[in-house]
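These notes are about the structure you will find just below.
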Amino acid sequence: MSSVVSKISCVLLVLGMAIPFVAMAEPVVTVEGPTGGVYPGVAQEIRYSVRWSAEEDYVVEAPVWKGGLDFSVARTEVGVDAVDGAYYGFVVVVTPEALGEFVVPAVEIPYTEAGAVAGDGVAQLVVEAPSISLTVRQDRTSQYIAGGLLAVAIILILVVVVSV
């Protein structure tokens, strides 16, 4: 019985290791929002990463935001990642100006197989990235500093009063 269980375990392990590479044959996109606080007037980076198996070869084109909005791409990266998958990444810098929710709309990223020219009987394919919502809060750093200085002043006054 244990040899059957160990054989099944080995098969499941091999399948579990192979599934990510099979699933990654077509491009998959991930979106990473800013880490830390989002404040009005402060530029925030949003990273979009399109990944696929290195065995495939795709040409990824400029992103198109839904709703007709236009964001400029700050920088792009192309290469092979640590798990031998190819990637195309781009970073968008946005600067929210008001408190509340700031939404960067969904984006479509067109791509074609390398060597194929869209329009020559080859359909241009699209991978979609979801919209991302940022909660813009007021920066309270100066209030925290003022509160800390006030606390130190009160402590110093109490020390002087008690020592007299």
Side-chain angles (χ1 to χ4, degrees), residues 6-145:
S6 66
K7 288 180 184 178
I8 291 173
S9 297
C10 287
V11 168
L12 290 175
L13 178 65
V14 169
L15 283 175
M17 292 173 62
I19 287 174
F21 293 106
V22 172
M24 225 170 64
E26 293 294 318
V28 176
V29 66
T30 57
V31 182
E32 298 172 33
T35 57
V38 178
Y39 306 113
V42 178
Q44 303 293 323
E45 288 190 351
I46 301 172
R47 173 179 296 275
Y48 296 85
S49 298
V50 182
R51 298 179 185 280
W52 62 91
S53 169
E55 297 168 0
E56 302 294 328
D57 197 11
Y58 295 107
V59 175
V60 180
E61 298 177 19
V64 178
W65 278 268
K66 293 184 176 182
L69 296 176
D70 190 25
F71 293 91
S72 58
V73 175
R75 63 182 182 273
T76 59
E77 303 167 347
V78 178
V80 177
D81 64 14
V83 292
D84 200 30
Y87 73 90
Y88 169 83
F90 61 95
V91 176
V92 174
V93 178
V94 297
T95 306
E97 295 298 333
L99 298 175
E101 292 297 312
F102 181 84
V103 178
V104 178
V107 63
E108 293 180 341
I109 304 167
Y111 69 96
T112 56
E113 292 184 19
V117 178
D120 290 344
V122 176
Q124 186 176 43
L125 305 169
V126 174
V127 63
E128 291 189 24
S131 64
I132 183 169
S133 180
L134 307 175
T135 302
V136 184
R137 297 188 173 113
Q138 184 172 351
D139 186 7
R140 300 193 185 272
T141 305
S142 60
Q143 293 173 346
Y144 296 143
I145 291 172

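Index from 1, following the sequence.
The side-chain hydrogen bond (donor to acceptor under 3.5 Å, both in side chains) pairs that include a residue from residues 86-98 number zero, where partners must be two or more places apart or lie in different chains.
Within the 4.5 Å cutoff, the side chain of Val104 has heavy atoms near those of the Val94 side chain. Counting only heavy atoms from C-beta outward, the side chains of Val127 and Tyr58 never approach each other to under 4.5 Å.
Remark: Glu32 engages no residue in a salt bridge (Lys or Arg N to Asp or Glu O under 4.0 Å) (not counting sequence neighbours). For Tyr48, the ring pair (Phe, Tyr, Trp, His ring centres under 6.0 Å) test picks out Phe90, with sequence neighbours left out. Checked against side chain to side chain contact (heavy atoms under 4.5 Å, CB included), Pro34 has the following partners two or more places apart in sequence or in another chain: Val38, Gln44, Ile46, Leu134. Considering only residues two or more places apart in sequence or on other chains, Thr135 meets the side-chain hydrogen bond (donor to acceptor under 3.5 Å, both in side chains) condition with Glu101. Contacts of Glu108 classified as side-chain hydrogen bond (donor to acceptor under 3.5 Å, both in side chains), with partners at least two apart in sequence or in another chain: none. Qualifying side-chain hydrogen bond (donor to acceptor under 3.5 Å, both in side chains) partners for Arg137, counting only residues two or more places apart in sequence or in other chains: none. By the side-chain hydrogen bond (donor to acceptor under 3.5 Å, both in side chains) test, Glu128 pairs with Lys66, sequence neighbours left out.
When every heavy atom of Ala43 is checked against every heavy atom of Val93, the shortest pair comes out as CB-CG1, 3.6 Å. The nearest pair of heavy atoms linking Pro27 to Val50 is CB-CG1, 3.7 Å. Contact record, Trp65 with Pro105: CD1-O, 3.3 Å, taken as the closest heavy-atom pair. Scanning both residues, Pro96 and Val42, for their nearest heavy atoms gives CD-O, 3.7 Å. Contact detail for Pro63 and Pro110: the closest heavy-atom pair is CA-CD, 4.5 Å.
A distance of 10.5 Å separates OH of Tyr39 from CD of Gln138, quoted to the nearest 0.5 Å. From Leu125, atom CG reaches atom CD1 of Ile109 across 13.0 Å, with rounding to the nearest 0.5 Å.
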